[in-house]
Amino acid sequence: MNIEEFREYCLSLKGVHEKMPFPNVPDKYSQDVLCFYVASKWFCFVNIEVFDFCCIKCAPDKREELQATYSGIKPGWHMNKKHWISVYFNQDVLDKEIKELVKKSYDIVAKSLTKKEREALANSEE
């Protein structure tokens, strides 16, 4: 998978928009971070230049199991280690599994939206 395929997949999920929220930070790596949002909350981010891993939300009860199963899944980079994981590309996590994990992250975040945001999402165009 490459950045274009990954981005296309993320944007295919209902109501998703993207943003590069850190253009003015001193760290070049962080400047190149692209975040994917559902409503006002992000569910995934990736560095568009390096494309080494994506950081996604994960159910706390699944996090340890995933990290024990895959060497390519680590604690979330710069995020709450209980709720976020970093999934490395081109390691032992298949692209199909990465997409499934991204979708689960999207679902977790979508469920946490306010009632108003969930209603707006449900009424948005496909």
Side-chain angles (χ1 to χ4, degrees):
M1 181 162 32
N2 61 40
I3 183 60
E4 290 85 12
E5 293 167 331
F6 184 79
R7 180 177 171 264
E8 184 177 302
Y9 175 73
C10 290
L11 292 173
S12 75
L13 301 172
K14 187 173 184 172
V16 171
H17 63 281
E18 62 188 354
K19 180 179 170 183
M20 294 183 76
F22 311 115
N24 299 318
V25 298
D27 172 35
K28 173 68 173 137
Y29 190 92
S30 296
Q31 290 174 12
D32 294 331
V33 165
L34 177 65
C35 295
F36 297 94
Y37 296 78
V38 56
S40 64
K41 296 185 178 185
W42 60 12
F43 66 92
C44 174
F45 66 83
V46 63
N47 181 293
I48 61 170
E49 293 298 327
V50 180
F51 195 65
D52 48 351
F53 68 90
C54 62
C55 196
I56 55 177
K57 199 111 188 214
C58 182
D61 60 329
K62 299 288 186 199
R63 179 185 48 80
E64 287 183 26
E65 177 186 337
L66 287 167
Q67 289 179 41
T69 304
Y70 298 102
S71 63
I73 296 182
K74 309 275 187 222
W77 179 73
H78 280 295
M79 300 300 282
N80 182 319
K81 308 302 185 230
K82 181 178 178 183
H83 297 282
W84 290 82
I85 56 173
S86 291
V87 182
Y88 286 78
F89 302 108
N90 303 314
Q91 290 194 14
D92 61 339
V93 187
L94 299 174
D95 289 353
K96 178 183 174 191
E97 293 166 318
I98 292 173
K99 288 178 179 178
E100 289 171 4
L101 291 169
V102 168
K103 176 65 166 81
K104 287 178 184 174
S105 176
Y106 169 90
D107 291 340
I108 290 167
V109 173
K111 287 177 186 168
S112 75
L113 298 174
T114 66
K115 182 178 179 184
K116 184 177 180 179
E117 287 174 320
R118 286 193 311 271
E119 288 171 354
L121 180 62
N123 294 327
S124 69
E125 296 294 320
E126 288 291 324

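Please read all numbers here as calculations on a predicted model, not as lab measurements. For the single chain, residues carry numbers from 1 onward in sequence order.
Contacts of R118 classified as salt bridge (charged side-chain N to carboxylate O under 4.0 Å, His left out), with partners at least two apart in sequence or in another chain: none.
Not a single donor-acceptor pair under 3.5 Å links the side chain of K57 to the backbone N or O of V109. Under a 3.5 Å cut-off, the side chain of K74 and the backbone N or O of S71 do form a donor-acceptor pair.
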Quiz item: Stepwise, does the side chain to side chain contact (heavy atoms under 4.5 Å, CB included) test hold for K41 with S112?
Solution: CA-CA 9 Å; K41 296 185 178 185; S112 75; 3.4 Å; yes
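Linking Ile, Leu, Val, Met, Phe, Trp and Tyr whenever their side-chain heavy atoms come within less than 4.5 Å puts V46 and Y9 in one cluster. Residues V50 and I48 are members of separate hydrophobic clusters, defined by side-chain heavy-atom contacts under 4.5 angstrom among Ile, Leu, Val, Met, Phe, Trp and Tyr. No path of Ile, Leu, Val, Met, Phe, Trp and Tyr side chains, each step under 4.5 Å between heavy atoms, connects Y37 with L34, placing them in separate hydrophobic clusters.
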Anything under 3.5 Å between a donor and an acceptor, one on a side chain of residues 97-104, the other on a protein residue two or more places apart or in another chain? List them.
| unit_1 | atom_1 | unit_2 | atom_2 | d |
| --- | --- | --- | --- | --- |
| E97 | OE1 | L94 | N | 3.0 |
| E97 | OE2 | Y70 | OH | 2.8 |
| K103 | NZ | D107 | OD1 | 2.6 |
| K103 | NZ | D107 | OD2 | 3.2 |

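The minimum heavy-atom distance between V38 and L113, with the atom names listed, is O-CD2, 3.7 Å. Taking all atoms of both residues into account, the shortest heavy-atom contact from G72 to Q91 is CA-OE1, 3.2 Å. In this structure, L121 and G15 approach most closely via the heavy-atom pair CD1-CA, 3.7 Å.
Among residue pairs with one or both ends in residues 75-89, none qualify as side chain to side chain donor-acceptor pair (under 3.5 Å); sequence neighbours excluded. Sorted by first and then second residue, the salt bridge (charged side-chain N to carboxylate O under 4.0 Å, His left out) pairs with a member in residues 62-71 form an empty list; sequence neighbours excluded. Applying the ring-ring contact (aromatic ring centres under 6.0 Å, His included) rule to pairs touching residues 89-124 yields F6-F89, F43-Y106, F51-F89, sequence neighbours excluded. Applying the side chain to side chain donor-acceptor pair (under 3.5 Å) test to residues at least two apart or on different chains, the pairs with a partner in residues 23-36 are D27-S30, K28-D32, Y29-D52.
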